[in-house]
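Data block below; observations after.
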Amino acid sequence: MNVFRMGLKSVIYRKKQYLSLFLVTIFGVAISLFALFVVDGMLNALETKGKIYYGGDLMFIGSVSGEVIIDNQKQTKAFLEMPHIEEKLEKLQTIFPPDSVIAERYEAGFGYMAFVFEGITAQQRSLKGINFNKEKKVFSELNYIEGNSDEMAGSNGVLLSEPISKMLNIHVGDSLTFMFTTLSGYTDTAEVIVKGIFRDSSIFGTYTSYFDIDFLRNCVRAPLHTANRVAITLADKDKTDKKINEYQHKMESVFNMFPLVEKKQIYTELVDNGTLKDDTFALIKLSANFEDIQILIDAMWLVVGFVIAMLVIIIVIGVSSTYRVIIMKRINEIGIYMAIGMKKNRIIVTLLSETFALIVMGCIFGFILSLILCSLTPLVNLSFIPAFDIFLTNGVIKPIISFSSFVILMIIVSVTTLLAVLFSIKKLIKITPVEALSVIE
C-alpha cells in the first residue's frame, strides 16, 4: 500500500507528464465500456421481445397428427398441438423451480387473419392466445403507447402494434371486426376491443396480435383444453446451460423428449415431414428461436470485441512507449535510487506502482465517463431506423451497466500495460549507478 501511495503521489506531482497517458486510458476505457453497456442493452431488449413473442426463456412444444386446411383443402398432417394441456402443465410444475412461470399458449398462424375498421383492412401474420393471469408480469414489459394488458384476461380484447393502429387510425377502446379462418377452413368474424397498443415495428411485433387464450381458441374452434405452446419463464439463476440440461434430463423421464437443439427448425422440420411420431415433445431455448438474427448478434459482438481489443492495444502501446520516454528522462533519479542502495527489484516495483496508479485512476474516470455517455443515450430516439426496433426499448437504446465488466476490463488493461511497461523498465535499469548519474538530461 505504501508503494502504491508513493506511485500515486508521483503521478500527481508529474501530472503534466502523465496527462496524455491519463487521457488515453480514460477515453479508451470509456469507449470500451460504453460499447459493452450499449450492446448489452440492445440484446436485453431483443431478449425481452423474444420472450414475449416466442414464449418465455424456454418453450415446450409437442406434435399430433390430424386434418389441417392447406390451400383451402383438407390434408392429414403432423402439426404442433398438445391436447389435455392441464396434465402436461402439472408434470412440468414438478420439474421446474416453484418461482418459474409456466403458461400455456395457443397460436394461430394459418388462413386469413385481419382487422377491419371503417372500411380499412390490416392483415396479420400471427395471432397469439395468452393466459394473461399467468403471464401478467411478462406482458407488463411491452412498450405500451396506449392502454395495457391489465384487463385482457377473459375478455375479447386485443393488443396491437403501433404501426397497425396507425394504419387503421384506431385507439384504445375502439371496437374492431376481427376476420379469421377456423380450423375447419371457414372464414368467420368476431368483435374485439382494443385494450392496448404497443410500440414495436420489428419482425416480432408489427403483424402480431395478442388475445386471451380462451377467446382465440373459441374463435378458431380449437378444443378448450388444447395448446400448442407452453411458455416457461425462469429466474436468472435458473437460465444456465447446466440447469437447462438438468431440466431436459428430468423431462426425459416423464415425456418422450426430442434432444435439445440449437435451432428450432431441426425439430419442426421433422414434425412437418412426418418423421416424428405423435407425442414427441421438445424443449426449445429462447436462443434457438433466433436463427434468422443470430448472425447479426454474432456480428455485433465481433465488432465490439474488435473495438475493445484495438482500444486496449492503443492504451498498452501508448502508455508503455510514452512511459519509456519518461523513464529515460528520469535516469538520474534512478541512479540516485541505486546509489543509496535501493535494489533493482524495489526500483521496478516503485516505477510500476506509478503505472498502476495511473491505470487505476484512468479506468475509474473512464467508467464515470461511460456512465455519462450511457445516461445520454436514451435521449436519442432511433425508432426511425428500419428494422432496428428489435434492439430498442420504447424507441431508444437503454444501456445495461455492468460493474463486473468494468472490473474485468480494468484487470485486462492493468495486467497487459504493466507487463509492457515492465519490459521497458528492465531494459533501462541495467546500467550502473555511475552511468545513470553521469547522464545529462
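Residues: numbered from 1 along the sequence shown.
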Point to revise | Crowding at CD, Glu151 (>12 non-hydrogen neighbours, <6.0 Å) | key: no
Check your understanding: Where does the angle between the aromatic ring planes of Phe37 and Phe367 fall among parallel (under 30°), tilted (30 to 60°) and perpendicular (over 60°)?
Key -> perpendicular
Check for me whether the distance between the ring centres of [X] and [Y] falls short of 6.0 Å.
X      : Y      : answer
Phe180 : Tyr112 : no
Phe211 : Phe178 : yes
Tyr247 : Phe96  : yes

Check your understanding: What pairs meet the salt bridge (charged side-chain N to carboxylate O under 4.0 Å, His left out) rule with one or both residues in residues 126-139, with sequence neighbours excluded?
Key -> Glu104-Lys134, Arg105-Glu135, Glu107-Lys128, Lys137-Glu141
Practice item. Any chance you could measure Ser100, atom OG, to Ile232, atom CD1, to the nearest 0.5 Å? Key: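 If we round to the nearest 0.5 Å, Ser100:OG and Ile232:CD1 are 8.0 Å apart.
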Exercise for review: Can you measure from CZ (Phe132) to CD1 (Ile213) and round to the nearest 0.5 angstrom?
Suggested key: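 The CD1 atom of Ile213 is 10.0 Å from CZ of Phe132, to the nearest 0.5 Å.
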Point to revise | ring-ring contact (aromatic ring centres under 6.0 Å, His included) assessment of Tyr144 paired with Phe198 | key: CA-CA 4 Å; Tyr144 296 101; Phe198 56 90; 7.1 Å; no
**Study point:** Side-chain ion pair, Glu162 and Lys166, N-O less than 4.0 Å
**Key:** yes
Practice item. With ring-ring contact (aromatic ring centres under 6.0 Å, His included) as the test, would you mind laying out the steps for Phe258 and Phe281 before giving the verdict? Key: CA-CA 6 Å; Phe258 193 78; Phe281 301 93; over 10 Å; no
Exercise for review: In sequence, state the C-alpha distance, the side-chain angles, and the governing distance for Asn256 and Thr280, and then conclude on side-chain hydrogen bond (donor to acceptor under 3.5 Å, both in side chains).
Suggested key: CA-CA 5 Å; Asn256 178 30; Thr280 299; 3.2 Å; yes
Review point. Do the non-hydrogen side-chain atoms of Val360 and Phe365 ever get within less than 4.5 Å of each other?
Key: no
